Amino acid sequence: MSYVRKEIDAEEIRRQQALCAQIFDRVTADGRRPLAMVDTYGCQQNEADSEKLRGYLAEMGYSFTEDEFQADVIVVNTCAVREHAEMRVLGNVGALNHTKKNKPDQIVAVCGCMVQQEHMAEKIKRSYPVVDLVFGPHELWRFPELLLRVMTGGKRVFATQKDAGAVAEGIPQRRDGSVKAWLSIMYGCNNFCTYCVVPYVRGRERSRRPEDVVAEARELVAAGYKDITLLGQNVNSYGKDLDCGVDFADLLRMVNDIPGDFLIRFMTSHPKDATEKLFRTMAACEKCAHHIHLPVQSGSDRVLKAMNRSYDREKYLEEVRVARAYMPDLVLTTDIIVGFPGETDEDFADTLRLCEQVRFDAMFTFIYSKRVGTPAASMPDPYTRADKQRHFDMLTETANRISGEKHREYEGRTLRVLVDGETGKVPYNLSSRTNGGRLVHLKGDPALIGRFADVKITASNTWALYGELAEA
Ligand code: 5AD
Ligand code: SF4
């Protein structure tokens, strides 16, 4: 079944903003400034979505708090990728019974990927009466309408219809920081890796128009952001649904051409279609960070096939060779799943071997989590949790050792970093990132935040580098 691209009319978003104004009048009528809390789980895409929820809430007149006892509206933006995140959400939402007892008018909303799954929406309907509003990722653009319905209807509202998804432009955003910004370039995923729930909850791949992406990037640069991360579940598919002849590498080039001193990052790339053109463009664009997050998931061809990843170990290794040939200083990070159904000791040994061969700068490792409705959920899974944990511990140890060794190679070198915040610790009071995204703790004046600086790396461990400002 093919997806027909859908765009939300600009008029619709203006109507939502008019509803924000109505809510503003209601919630500020007593002269009080109401408070909202947005609690985010999961990936950067969710962080970006939460910035839109906050954008709408700010237009409704809300200020923000981190204290659930103070909040008039609580929005929990959930993740469905692994069971662990779902358990945390359910535990925390359950605990809101206490806050609502103290504050009976408090409105609790749960949104995002977890509740887009039918069984989870049902569970909340049945067992979590504290929740007033439930909406999936496809309904985010009409959050004001849904919230107003809760305020005026006196009934719980559930909006989690199955949907392939649309593209909505013009939703107000309230970004978290002032140095780093997320910029969504596309939504959804068409890959249907057999373990993954994302394609079921986030719908089909759809790209924002290049002119909209570039306009937003321009605004970010003008507002002083120095580190812009282009976000998509699989950025290498960018543009395929648009038929305008712009692919992801072209888009990188267009953002790179915006005048100003800033860095461009992106995530995530799927190895099945990372092209030489992409690596060549990364190398040629002076603002593009030499970092690629290229999730390999497994080093075993048998497991990769069962995962429906559409590449094998050799293709992955070849991509790494090409990418490093274009960018010898490339920072390479990855995701790996341990304990996929039927993964044997030999399969796992293949993964370990691949890690030793590639030597990733950092690895994000996960124990396989069974997801309702995915093909892997019905695959035979004879290995015990203890087997999986043993493999997981071995992999973590390997990952940490390699990261530590790679970090040590930085010692004595002088690098350009972007200072992005304070650590709250002494003596290394500032945090910063290298072009490749490695964390560097620094001693220095907080006035440096938001600036690039040359730093001499003096020490390191598995997690971070430590440095001092280089003399000008
Ligand atoms: N179990 C464990 N890890 C998963 N991921 C995605 N789905 C699952 C699952 N069912 C991991 C993949 C992906 C990362 C974002 O989360 O490694 O790249
Ligand atoms: Fe999930 Fe695979 Fe899509 Fe990534 S590419 S979101 S792992 S289905």
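Counting starts at 1 for both ligands and their atoms, in listed order. Treat the numbers as computed from the prediction; the structure is a model and nothing was measured.
- Asp241 and Arg206 are not joined by a salt bridge, as no carboxylate oxygen comes within less than 4.0 angstrom of a charged side-chain nitrogen.
- For the pair Asp132 and Arg156, the salt-bridge criterion is not met [side-chain N within less than 4.0 Å of a carboxylate O].
- Identified under the ring pair (Phe, Tyr, Trp, His ring centres under 6.0 Å) test for residues 111-131, with sequence neighbours left out: none.
- With respect to the salt-bridge test (charged N to carboxylate O, under 4.0 angstrom), the residues Arg371 and Glu83 do not qualify.
- Using cut-offs of 30° and 60° on the angle between ring planes, the pair His270 and Tyr311 is perpendicular.
- Salt-bridge formation is detected for the pair Glu7/Arg5: a Lys NZ or Arg NE/NH1/NH2 atom is positioned less than 4.0 Å from an Asp or Glu carboxylate oxygen.
- Between Tyr466 and Tyr428, the ring-plane angle classifies as perpendicular under the 30° and 60° cut-offs.
- Ligand 2 lies less than 4.0 angstrom from a heavy atom belonging to Arg309.
- Protein atoms that are N, O or S and lie under 2.8 Å from atom 3 (Fe) of ligand 2 are these: Cys189 SG.
- In this structure, the side chain to side chain contact (heavy atoms under 4.5 Å, CB included) partners of Thr396, at least two apart in sequence or on a different chain, are Thr365, Phe392, Asn400.
- Electrostatic pairing of Asp361 and Arg438 does not count as a salt bridge here, judged by no charged N lying under 4.0 Å from a carboxylate O.
- With Tyr368 as the partner, the ring pair (Phe, Tyr, Trp, His ring centres under 6.0 Å) test is satisfied by one option alone out of Phe348, Phe340, Tyr383, Tyr195: Phe340.
- Tyr195 OH, 3.3 Å is the protein heavy atom nearest to atom 7 (S) of ligand 2.
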Where does ligand 1 get N/O contacts under 3.5 Å from the protein, atom by atom?
unit_1	atom_1	unit_2	atom_2	d
ligand 1	1 (N)	Ser369	N	2.9
ligand 1	3 (N)	Arg82	NH1	3.3
ligand 1	5 (N)	Arg82	NH1	3.4
ligand 1	10 (N)	Tyr195	O	3.0
ligand 1	10 (N)	Ser369	O	2.8
ligand 1	16 (O)	Arg82	NH1	2.8
ligand 1	17 (O)	Gln297	OE1	2.7
ligand 1	17 (O)	Gln297	NE2	3.4
ligand 1	18 (O)	Gln297	NE2	2.9
ligand 1	18 (O)	Asp335	OD2	2.7

